[in-house]
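First comes the structure, then the notes that go with it.
Just so it is clear, the structure is predicted and the values come from calculations on it, not from any experiment.
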Amino acid sequence: VAALSNSPLVVCCAPRRGVRTDTNDFAPRASIVFQPFPTDQTVVRIGYGLFYSDTTQFFAWRSYEPLRGRVFQGTSGDFVNPGATLDDLFPSQNFVEGGGVTPFFQGGVPQAIHGARVIGIGGPLGIDNKTPYAHQWSVSLQREILPRTLLDVTYQGSVGRNLPTQWIFNQPDPSPVPANFSSPDPAANPFLRRPYACCTSSSSMNANILESEYSAVTLKVDKRVAAGYNFLSSYTWSRSIDQGSEVFMVGNTFNILANSRDLDLDRGRSTFDVPHRWVTRGSVELPVGQGKRWLDRAGIANGLLGGWRLSSVFTLQSGFPFTPLIRNRRANTGYALSTERGDLAGDPYFSADEWRRRVEEWKQEGRTVRLYVINPESISLDYAPGTIGNIPRNFFRAPFGRRLDLSLAKLTGLPGRARLELRVDVINATSERLNRLDLAQFVFANNVLTDPRVGSIAPYNNMFNPRIIQVGARVSF
């Protein structure tokens with residue numbers, strides 16, 4: 001197209017890659033399995049791997065678009081009056097100013113103190129971005145403690161590096177002096193404190209600069225199918241820490257860094273951190289009907305009472321963490337999305353008796369009363385100017401969550417080797433409202449630190465969490 005355009009304004013081509021090639025992504029894997037005692041059934045498994053990940057593709061796509069000095073706006077036409085001809089596919093008069101990078105004076109800053117014009121940068125990939133990666137390792141001890149019953153104790157850990165974030169690389173340093181973009185004093189004017197004179201104070205790029213770490217111990221009992229039943233019960237204690245769990249927002253935590261040159265200000269529990277999690281699933285065939293303990297015969301009784309199977313999955317876990325925050329209030333960086341969290345002024349959780357009283361009131365006054373999952377008075381808004389407060393990211397945690405799923409199935413033999421399965425599944429059987437697994441995302445927290453409702457969830461009637469019942473049939477042959 002560029003060759004046929006007959007116009008110096010149409011050029012080829014976009015770059016083949018958005019970042020420099022990372023040529024040392026060596027990813028070794030190693031494992032070993034052994035029996036420490038020859039006459040014993042204990043098995044030890046040890047594994048390690050180095051794993052790499054793609055950068056978030058949303059940002060990679062935009063990095064292949066070349067900057068344009070002008071934008072072509074085509075003209076509609078018809079056979080009599082065509083908008084363009086083969087000799088002049090892109091008429092010069094159809095190119096208009098726009099796109100590309102045009103230096104300008106940042107709004108609100110007097111030209112007398114502004115200095116040279118600046119450009120605004122938003123969203124490109126860092127040219128030297130390294131591939132995100134994680135070291136992962138595990139050690140497990142397995143032993144058959146009963147016939148067809150396995151006990152598994154596993155420690156696993158990982159550390160992540162080069163994790164992506166939207167990095168406000170030109171964010172001014174905090175200051176105790178209230179922001180005033182008209183002031184010639186750098187202590188008051190965030191624009192005069194920006195690190196790089198080329199760009200606006202809110203310029204950003206998508207950089208792979210964050211870190212994470214994870215540790216967990218899992219205790220698992222696995223009863224394989226025997227005598228018509230099986231179950232798997234697993235308990236995990238874990239801890240996940242990072243400086244940001246997503247590029248923008250996940251759950252109820254806004255992940256723009258509070259201070260782009262002090263990443264550890266946002267070091268805290270991951271938004272998906274669950275310290276305790278117990279999951280048990282099982283399935284049992286009722287011992288009635290042909291081939292079973294009772295009514296072991298064919299006929300009507302077997303057709304009605306035989307072939308029933310009951311299955312369930314039960315989950316009990318800690319609540320997810322969340323972060324009440326406000327943006328650009330006292331740090332005085334001049335950046336609208338800079339997050340601040342306040343100071344901790346007391347115990348954020350109510351006593352057991354007070355919590356029960358509040359929950360009961362929340363249920364009885366289902367249309368109007370909000371339930372505070374933390375005490376809002378434990379957050380002080382009188383934190384020092386020029387700071388974000390001393391409350392760590394994801395310091396607070398929602399109440400524990402639980403969920404029960406049930407399934408009842410009837411298996412019936414058909415002529416030949418075919419079989420009919422009729423089943424009823426009940427998902428979220430107890431229809432939890434307070435102790436739902438995803439409660440943290442309903443806590444009033446994001447950019448509402450100064451709101452009296454901070455740390456609360458909606459009235460009981462508004463927290464409807466439906467129970468889903470579905471019926472299915474399957475023929476296998």
Side-chain angles (χ1 to χ4, degrees), residues 140 142-154 156 216-238 272 274 276-320 399-439 464-477:
S140 65
Q142 298 176 333
R143 179 181 174 84
E144 189 175 44
I145 55 176
L146 293 171
R148 302 185 67 82
T149 304
L150 177 71
L151 173 65
D152 184 324
V153 181
T154 298
Q156 55 187 325
V217 176
T218 299
L219 177 65
K220 180 169 63 177
V221 178
D222 186 0
K223 175 65 173 68
R224 298 179 177 88
V225 178
Y229 76 96
N230 69 88
F231 69 85
L232 173 63
S233 186
S234 176
Y235 166 75
T236 300
W237 172 87
S238 66
F272 45 79
V274 177
H276 303 281
R277 179 176 172 86
W278 176 44
V279 180
T280 296
R281 65 158 179 82
S283 177
V284 58
E285 298 176 359
L286 301 186
V288 179
Q290 191 171 11
K292 304 298 182 181
R293 181 175 180 180
W294 292 304
L295 294 179
D296 183 8
R297 65 180 72 92
I300 296 177
N302 177 66
L304 294 176
L305 302 178
W308 290 95
R309 184 184 66 217
L310 178 64
S311 305
S312 67
V313 180
F314 177 69
T315 301
L316 180 66
Q317 68 176 46
S318 305
F320 288 103
F400 72 89
R402 61 192 173 202
R403 171 169 163 161
L404 176 64
D405 299 331
L406 299 172
S407 177
L408 179 64
K410 174 70 168 70
L411 304 177
T412 303
L414 298 176
R417 301 177 62 180
R419 188 170 68 166
L420 171 65
E421 178 181 347
L422 301 175
R423 60 185 294 165
V424 177
D425 299 325
V426 183
I427 302 170
N428 189 29
T430 55
S431 186
E432 300 288 345
R433 301 196 186 202
L434 173 58
N435 297 113
R436 55 195 298 167
L437 300 181
D438 60 349
L439 184 72
F464 179 62
N465 187 17
R467 177 187 302 109
I468 300 173
I469 301 175
Q470 56 189 26
V471 178
R474 183 177 66 178
V475 176
S476 56
F477 52 89

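Minimum heavy-atom separation, Leu414 to Arg419: CD1-C, 4.1 Å. Residues Ser407 and Asp425 approach most closely at OG-OD1, 2.7 Å, considering heavy atoms. The minimum heavy-atom distance between Arg433 and Leu439, with the atom names listed, is O-CD1, 3.8 Å. Scanning all heavy atoms of the two residues, the minimum distance from Val424 to Ile469 falls at CG1-CG2, 4.0 Å. When every heavy atom of Ser311 is checked against every heavy atom of Ser283, the shortest pair comes out as OG-OG, 3.2 Å. Residues Pro466 and Asn428 come closest through the heavy atom pair O-ND2, 3.1 Å.
No hydrogens or angles considered: a donor-acceptor pair under 3.5 Å links the side chains of Thr430 and Glu432.
Contact annotation: the side chain of Thr154 approaches that of Asp152 to within less than 4.5 Å [non-hydrogen atoms, C-beta and beyond].
The CG atom of Leu437 lies 10.5 Å from the CZ atom of Arg402; values are rounded to the nearest 0.5 Å. For the atom pair Phe231 CZ and Thr280 OG1, the distance stands at 8.5 Å (nearest 0.5 Å). Rounded to the nearest 0.5 angstrom, Trp308 CH2 and Glu285 CD are separated by 13.5 Å. Rounding to the nearest 0.5 Å places CZ of Arg309 at 6.0 Å from CZ of Arg423. In this structure, Asp438 CG and Arg436 CZ are separated by 4.5 Å, a value rounded to the nearest 0.5 Å. The CG atom of Leu151 sits 11.0 Å away from the CD atom of Glu144 when rounded to the nearest 0.5 Å.
Formation of a donor-acceptor pair under 3.5 Å by the Ser312 side chain with backbone atoms of Leu404 is not found in this model. For the pair Arg417 (side chain) and Phe477 (backbone), a donor-acceptor distance under 3.5 Å is absent.
Remark: Arg474 CZ is loosely packed, at most 12 non-hydrogen atoms of other residues, nucleotides or ligands lying under 6.0 Å away.
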Side-chain donor-acceptor distances from residues 216-224 under 3.5 Å, at least two apart:
residue	atom	partner	partner atom	Å
Thr218	OG1	Thr236	OG1	3.1

* Worked check of side-chain contact (heavy atoms from CB on, under 4.5 Å) between Arg403 and Ile427 -> CA-CA 9 Å; Arg403 171 169 163 161; Ile427 302 170; 2.9 Å; yes

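In this pair, His276 and Tyr235 present their aromatic rings parallel. The plane angle is below 30°, not in the 30 to 60° band.
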